[in-house]
Protein chains: 2
Amino acid sequence: MPTSLHNQVVEHLGSRIVGGVIPQGSILLAADLEDRLEVSRSVIREAIRVLAQAGLVTSTKRVGIRVLAPEHWNPFDTQVIRWRLASDQQGAQLRSLTELRSCVEPMAAELAAVHAPEAMRKELLMVSAQMSHYGRQGDLVRFLELDIRFHAIVLAASGNEMFATLATPIGAILRGRTELGLMPDRPHEEALAWHQAVADAISTADSAGARKNMDSIMRRTQNEISGIWQEAPRLFHDPTRPQRK
Amino acid sequence: MPTSLHNQVVEHLGSRIVGGVIPQGSILLAADLEDRLEVSRSVIREAIRVLAQAGLVTSTKRVGIRVLAPEHWNPFDTQVIRWRLASDQQGAQLRSLTELRSCVEPMAAELAAVHAPEAMRKELLMVSAQMSHYGRQGDLVRFLELDIRFHAIVLAASGNEMFATLATPIGAILRGRTELGLMPDRPHEEALAWHQAVADAISTADSAGARKNMDSIMRRTQNEISGIWQEAPRLFHDPTRPQRK
DNA sequence: TAACGCCAATCTGTGCAGGCATAAAAATAA
DNA sequence: TTATTTTTATGCCTGCACAGATTGGCGTTA
């Protein structure tokens, strides 16, 4: 089941652009890409359309396909996030996402306490109980999956679609954190208690408690992993000038 | 300079799908679309690629182009946001975005106080001063543009790309709010003071003050406009089952 | 008879090759 | 400098072959 050809081209070009192999400002020619990648014009064109929507390139007549600067890349595009996490900008990407979740998840917990359907409240209690169980056993593999599930449920239970879609990239950074060996041998009791407290608060419609305890979780994780992005430079894109080209 | 053909097709189909004219579960056939829209295969295919990336459709062999349910739509896609704001789901869209900004902007202000470059701090002071000036004069047109600019600068000054890209949709809802006549005849003194306080706090690197005052702004706007989405239903997409079709 | 499994026909997206039209940069002329 | 022509790469169109999934028929079996 080989993934479709144009997707392969999107993957090929996208990862190279984000990875810096193809530098910003480069001009790609559709005809060149045809020979180099040995595919037909239609797949090139469809791939370029997708990359253009992600903000990686823009194609104009008579000049070609221009590779755009990082500030034009759509930071919410799932593929862009994936490519950045696999590049030397992974520090900056982790920081952005972590800052985002550290403000979104407490609000999601607060909303979930008010709006979550009964089934999700129950499931949260189950998951947090299992997290404590496997966490104390030191079963990090199972714990990781439960952790991802926990945060995904809270985000979904907020009833805010935007929050819910953040579950996927957040799951990715949780996985990345364990893969990079940034997790303690077994989760801290403190963290287990906070997860439990969030689940309890949501199931009893205690919105303030849900927010507070989720906020505690966020503060801890922020402290734990902020070392990764040592001095990854921040990008300031002045909104005054739309700066097209 | 008419925008390119395939973009027109994206616009045509996208707005109709989000608007509900083309209901979820519909099957579109590329050949049909060719005659109906009177364009060639290539533009149809490129348009479908873009719509597929936005999560509006998925195309499979032997069956056609299936229109997906709203929970698959990418809520961070700028076009999806625009189409939703122009549809009968505008209440739900406003709510999502407002909830998001109400947690993101305070955090952005806090980060801006720490990381903002000098030029942006200065500009914030200027803009907030002008907001007070034109606000007290009752010049709502100029005030609106300054307000949009103010929040865009704070988001950009956070140095977080994800926050920065939210400036565009947030600007859209600020515009929408005035167009719908949801703004008072002249801005409240309270609101003017808070904006000023945010600018002051950021320029003096007072992160706690920046967050607190921005949070006040968010609370007020949330109260002012939450009436729009009366009882727009919340969508709960269970993350457990990936549910394909 | 009814249920099951296999196979072929069919339908539709995917990919290929080549053509012309057009817009915009670059070169040239005024 | 300004106006005009030339150049050239994308935009758009069309005909064709292929792949893969659905459907229905056919024969076998319980």
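All chains are named by letter (A, B, ...) in the order of the sequence lines, taking the proteins before the strands, and each is independently numbered beginning at 1.
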Which nucleotides of nucleotides 11-17 of chain C have their base under 4.0 Å from a protein heavy atom (B), which only their sugar-phosphate (S), and which neither (-), written as one string 5' to 3'? BBBSBB-

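- Rounded to a whole Å, the CG atom of A:Asp32 is 9 Å from the P atom of D:dA9.
- To the nearest angstrom, C1' of D:dC12 lies 17 Å from CD1 of A:Ile44.
- Proximity of A:His6 to B:Arg45: side-chain heavy atoms (C-beta onward) are nowhere separated by under 4.5 Å.
- Among residues two or more places apart in sequence or in another chain, the ring-ring contact (aromatic ring centres under 6.0 Å, His included) test is passed with A:Tyr134 by none.
- Between the side chain of B:Arg177 and the main chain of B:Thr221, no donor-acceptor pair closer than 3.5 Å is present.
- Note that OG1 of A:Thr3 and CD of A:Glu11 are 8.5 Å apart. Values are rounded to the nearest 0.5 Å.
- As a whole-Å value, the separation of A:Asp35 CG from C:dG18 P is 12 Å.
- Summarising the geometry, atom CD belonging to B:Gln53 is positioned 8.0 Å from atom CG belonging to B:Asp77; distances are rounded to the nearest 0.5 Å.
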